[in-house]
Amino acid sequence: MARSLSTAILPRVPNTEDDLNTDLRVRFAPSPTGSLHVGGARTALFNWLAARHAGGKFILRLEDTDRERSTPESEAEILRVMQWLGLDWDEGPFRQSERDDIYRDAIDRLKDAGAVYAAWESAEELDAMRAEARANKQAPVVRGRRDWSDDEIAAMKAEGRTPVWRFAVPLPGETVIEDMIRGTVTFDHAQIEDFVVARSDGTPTYNLAAAVDDLEMGINRVIRGEDHISNTPKQMLVMRALGGTPPQYAHVPLILGTDKKRLSKRHGAASVEELEADGFLPQPVRNALVLLGWSYDDKTTTFTMDELIEKFDVRRVSKSPAVFDMKKLEVMSGRYLRALDPDQFADELVQYLDATGYLADRGPDAADIARRSAPLVQRKMSRLTEYDRLAGWLYRPLEFEDEAWEFLANDIKHAIQAIGGGLGRLEVLDDFSMEPIKEALSDQLHVQGLSAREFLEPQRIAITGQSISTGIYESLEMLGKDAAVARYRQTLAKLAEGWTGGDA
RNA sequence: GGCGCAUUCGUCUAGGGGCCUAGGACGCCGCCCUCUCACGGCGGUAACACGGGUUCAAAUCCCGUAUGCGCUACCA
């Protein structure tokens with residue numbers, strides 16, 4: 001159910017042509033060289049939302065032309081994480097490594113059109129050219145020689161050298177991007193080098209493959225990271241040389257770490273995989289991701305997937321980079337967990353504990369304990385990993401954390417009185433459920449004339465051994481009378497040991 | 001060095017010339033909620049990078065400066 005309040009607030013740019021643009025074709029094109037990054041995940045989300053909003057198609061393409069760094073494991077991981085996030089694709093996944101014929105054909109067409117030329121310069125010559133340009137405060141753009149004589153070429157071939165193919169950037173000239181987010185961005189051709197489209201072994205480079213694929217797959221809108229913006233004119237040039245029309249572009253700002261540098265591993269959880277392991281559910285992750293660089297209005301901070309689909313509009317994406325704040329994710333996660341239906345929460349919790357191997361390590365009753373304890377922890381957690389800190393005591397015999405024991409040992413006499421008082425009331429209770437327990441303990445508290453903390457804290461430690469735990473009344477109820485009484489006695493006995501020889 | 005982009009509270013942002021003595025959220029600080037941890041409630045702290053224009057009026061438009069980031073490969 002959408003909030004009628006927020007729908008009453010009009011977005012700045014009314015959705016017009018996009019709303020029914022069922023021809024919209026967007027794509028997400030990661031290179032499988034690692035796990036899916038937070039930045040990549042957000043790009044994927046934006047694309048997915050744009051497609052779903054318009055009723056268009058979302059295409060997945062793996063850019064694995066770098067055979068050195070691309071791995072099947074990484075590819076599998078990316079697909080897995082996409083599914084975890086709920087981002088389903090309509091076409092693909094396509095692999096560039098399987099489309100070699102298409103690229104070779106495109107390269108041939110570029111050759112026929114005279115748009116590319118063979119460049120024989122060696123790596124050293126190239127380095128020298130760039131170094132010289134830099135020294136002269138010029139743009140370090142490479143323009144290969146195009147006037148090699150037949151003899152020279154024959155000589156190099158004899159040496160075993162093979163040329164790369166460079167795109168002949170038309171001079172003078174400029175390429176203009178009408179970016180949906182950044183507005184008009186102009187690149188002077190003088191600043192664009194004659195980039196390589198085919199390596200000396202004949203394989204395509206990124207700029208060629210991406211351009212060809214976007215054309216061939218009918219992509220009409222490219223939503224990608226701003227780090228690609230300087231590649232865009234190159235790809236547009238290639239597309240036009242092939243007789244195609246470039247798509248609409250929307251370059252989204254980068255996601256930064258807290259040091260304002262592009263987010264990477266050293267910033268902690270930088271991949272979706274890590275967020276998953278850190279106990280976050282997909283929904284809050286999506287919510288946090290979408291709000292990096294995008295907002296619907298000045299107030300709304302939580303969205304269901306349906307609301308996002310309805311409201312998302314790339315044109316409202318911000319131009320400036322955003323710092324990824326884990327704390328905010330945590331807050332969203334906590335809110336989401338608390339808002340869950342109790343049964344649903346229990347399902348998620350058990351599933352998580354099972355998936356992480358937590359239950360397997362804790363005996364046959366573990367799943368049952370986990371499910372029954374879910375209501376005791378739902379309000380207290382902001383991520384699933386916090387479960388053990390609160391409810392870990394349920395799975396083991398009574399043992400005291402140092403800090404908790406110190407609390408008791410600090411004043412053994414008082415501890416014995418409080419715990420003994422609690423035990424006296426609890427062991428005679430017939431109905432060992434939450435309300436009677438609470439009444440009995442509250443009454444005893446008054447009888448002994450102690451403050452709530454003075455009286456209740458020892459009770460907590462007596463049964464949980466922890467100073468941070470689930471609530472006392474519900475914990476006692478869950479434990480059941482026999483187990484609770486046993487724990488009380490055990491604590492008392494241990495305290496008595498410490499008391500002998502003490503100061504009565 | 002070259003080119004490009006960006007710049008509102010610590011963070012994410014609202015803001016498209018007067019509605020802005022700049023709004024919201026998170027954080028942080030304080031108080032409340034007679035069980036810890038949390039939750040929740042209430043209150044507070046905190047920003048238009050700087051300098052010039054344009055205009056009756058600028059956070060909003062223009063120019064410059066500074067700073068930051070991105071790209072600058074036969075990586076993607």
Side-chain angles (χ1 to χ4, degrees), chain A residues 12-13 29-31 33 63-66 68-70 96 119 123 126-127 130 133-142 162-166 177 179 182 185-188 190-193 195-201 203 205-207 209-210 225-233 251 253-254 256 258 260-262 288 291-302 318-325 327-332 334-335 338 377-382 386 389-390 404 407 441-442 445 451-461 464 466-473 475:
Chain A
R12 182 184 54 181
V13 180
S31 38
T33 56
E63 308 217 316
D64 57 352
T65 53
D66 183 347
E68 302 285 299
R69 299 194 302 148
S70 301
Q96 291 187 327
L126 258 19
D127 286 346
R130 294 194 176 101
R134 195 182 254 255
N136 294 330
K137 304 197 176 191
Q138 301 289 305
V141 296
V142 166
T162 47
V164 298
W165 290 82
R166 288 184 181 275
I177 308 170
D179 193 279
R182 336 198 74 84
V185 182
T186 305
F187 287 86
D188 184 343
Q191 302 298 332
I192 303 175
E193 76 174 3
F195 52 98
V196 175
V197 294
R199 302 188 185 103
S200 50
D201 64 0
T203 59
T205 59
Y206 162 74
N207 280 128
E226 194 198 340
D227 50 336
H228 280 295
I229 201 162
S230 47
N231 286 320
T232 300
H251 288 94
L254 262 18
L256 276 24
T258 42
K260 307 270 188 180
K261 295 267 199 289
R262 192 180 178 162
L291 250 15
L292 284 174
W294 177 82
S295 66
Y296 174 65
D297 56 26
D298 61 340
K299 304 215 150 55
T300 320
T301 53
T302 47
S318 143
K319 290 195 238 285
S320 47
V323 174
F324 180 59
D325 183 6
K327 190 68 197 170
K328 206 159 293 187
L329 206 210
E330 223 174 286
V331 170
M332 285 179 186
R335 276 210 273 259
R338 268 172 258 129
V377 296
Q378 183 170 10
R379 283 196 321 279
K380 291 169 172 279
M381 300 199 305
S382 57
E386 288 171 315
R389 183 178 72 110
L390 293 164
F407 184 90
L441 254 23
S442 302
L445 181 161
S451 75
R453 182 172 159 78
E454 283 169 336
F455 180 73
L456 261 8
E457 196 53 22
Q459 316 296 320
R460 168 197 317 289
I461 297 172
T464 68
Q466 302 180 359
S467 52
I468 294 175
S469 76
T470 45
I472 292 168
Y473 312 124
S475 295

Enquirer: List in chain and number order the residues that pass salt bridge (Lys or Arg N to Asp or Glu O under 4.0 Å) with A:Arg389, two or more places apart in sequence or in another chain; answer none if no residue qualifies.
Expert: none

Enquirer: Got a donor-acceptor contact below 3.5 angstrom from the A:Ser31 side chain to the A:Thr33 backbone?
Expert: no

Enquirer: If each of A:Arg166 and A:Ala133 is mapped to the nucleotide of RNA chain B with the nearest heavy atom, which maps nearer the 5' terminus, i.e. the 5' end?
Expert: A:Ala133

Enquirer: For A:Ser442, enumerate each residue passing the side-chain contact (heavy atoms from CB on, under 4.5 Å) test, keeping only those at least two apart in sequence or located in another chain.
Expert: A:Lys438, A:Tyr473

Enquirer: Show the distances under 3.5 angstrom between N or O atoms of the protein and N or O atoms of nucleotides 43-49 of chain B.
Expert:
none

Enquirer: With a 3.5 Å distance limit and no angle check, can you tell me whether A:Arg460 reaches the backbone of A:Thr470 through a side-chain donor-acceptor pair?
Expert: yes

Enquirer: Considering only nitrogen or oxygen atoms on both sides, find all protein atoms under 3.5 Å from nucleotides 64-69 of chain B and state each distance.
Expert:
unit_1: B:rC69; atom_1: OP1; unit_2: A:Lys261; atom_2: NZ; d: 2.4

Enquirer: Under the salt bridge (Lys or Arg N to Asp or Glu O under 4.0 Å) test, which residues partner A:Glu386, sequence neighbours left out?
Expert: none

Enquirer: Round to the nearest Å and state the distance from A:Tyr206 atom OH to B:rC71 atom P.
Expert: 12 Å

Enquirer: Any side-chain to backbone donor/acceptor pair from A:Glu454 onto A:Ser451? Under 3.5 Å, distance only.
Expert: yes

Enquirer: Which atom pairs, donor and acceptor, lie under 3.5 Å between side-chain atoms of residues 133-141 of chain A and protein residues at least two apart or in another chain?
Expert:
unit_1: A:Asn136; atom_1: ND2; unit_2: A:Glu132; atom_2: O; d: 3.3
unit_1: A:Gln138; atom_1: NE2; unit_2: A:Asn136; atom_2: O; d: 3.4

Enquirer: Regarding A:Val164, tell me which of base, sugar-phosphate or nothing describes its non-hydrogen contacts under 4.0 Å with the strands shown.
Expert: base

Enquirer: So, using ring pair (Phe, Tyr, Trp, His ring centres under 6.0 Å) as the criterion, who are the partners of A:Tyr206 when residues are at least two apart?
Expert: A:His228

Enquirer: When you look at CZ of A:Arg338, are more than 12 heavy atoms from neighbouring residues, nucleotides or ligands closer to it than 6.0 Å?
Expert: yes

Enquirer: Would you please name every residue forming a salt bridge (Lys or Arg N to Asp or Glu O under 4.0 Å) with A:Asp64, sequence neighbours left out?
Expert: none

Enquirer: Ring pair (Phe, Tyr, Trp, His ring centres under 6.0 Å) with A:Trp294: which residues, sequence neighbours excluded?
Expert: A:Phe303, A:Phe312

Enquirer: How close or far is atom C1' of B:rU11 from atom CD of A:Glu330, stated in whole angstroms?
Expert: 15 Å

Enquirer: Tabulate protein N/O versus nucleotide N/O from nucleotides 30-41 of chain B, keeping only pairs under 3.5 Å, one per line.
Expert:
unit_1: B:rC35; atom_1: O2'; unit_2: A:Glu457; atom_2: OE1; d: 3.4
unit_1: B:rC35; atom_1: O2'; unit_2: A:Arg460; atom_2: NH2; d: 3.2
unit_1: B:rC35; atom_1: O2; unit_2: A:Arg460; atom_2: NH2; d: 2.3
unit_1: B:rC35; atom_1: N3; unit_2: A:Ile472; atom_2: N; d: 3.4
unit_1: B:rU36; atom_1: O4'; unit_2: A:Glu457; atom_2: OE1; d: 3.2
unit_1: B:rU36; atom_1: O2'; unit_2: A:Ser467; atom_2: O; d: 3.1
unit_1: B:rU36; atom_1: N1; unit_2: A:Arg460; atom_2: NH2; d: 3.0
unit_1: B:rU36; atom_1: O2; unit_2: A:Ser467; atom_2: O; d: 3.3
unit_1: B:rU36; atom_1: O2; unit_2: A:Ser469; atom_2: N; d: 2.9
unit_1: B:rU36; atom_1: N3; unit_2: A:Arg460; atom_2: NH1; d: 3.2
unit_1: B:rU36; atom_1: N3; unit_2: A:Ser469; atom_2: O; d: 2.9
unit_1: B:rU36; atom_1: O4; unit_2: A:Lys380; atom_2: NZ; d: 2.5
unit_1: B:rC37; atom_1: O2'; unit_2: A:Arg389; atom_2: NH1; d: 3.2
unit_1: B:rC37; atom_1: O2'; unit_2: A:Arg389; atom_2: NH2; d: 3.0
unit_1: B:rC37; atom_1: O2; unit_2: A:Lys380; atom_2: NZ; d: 3.2
unit_1: B:rC37; atom_1: N3; unit_2: A:Lys380; atom_2: NZ; d: 2.4
unit_1: B:rC37; atom_1: N4; unit_2: A:Lys380; atom_2: NZ; d: 3.4
unit_1: B:rA38; atom_1: O2'; unit_2: A:Lys380; atom_2: O; d: 3.1
unit_1: B:rC39; atom_1: O3'; unit_2: A:Arg338; atom_2: NH1; d: 3.1

Enquirer: Output all residues satisfying side-chain contact (heavy atoms from CB on, under 4.5 Å) with A:Ser200, sequence neighbours left out; order by chain, then residue number.
Expert: A:Thr162, A:Val164

Enquirer: Can you give me the N/O atom pairs linking the protein to nucleotides 18-21 of chain B at distances under 3.5 Å, or say none if there are none?
Expert:
none

Enquirer: With hydrogens left out and only the distance checked, is there a donor-acceptor pair under 3.5 Å joining A:Asp64's side chain and the base of B:rA76?
Expert: no

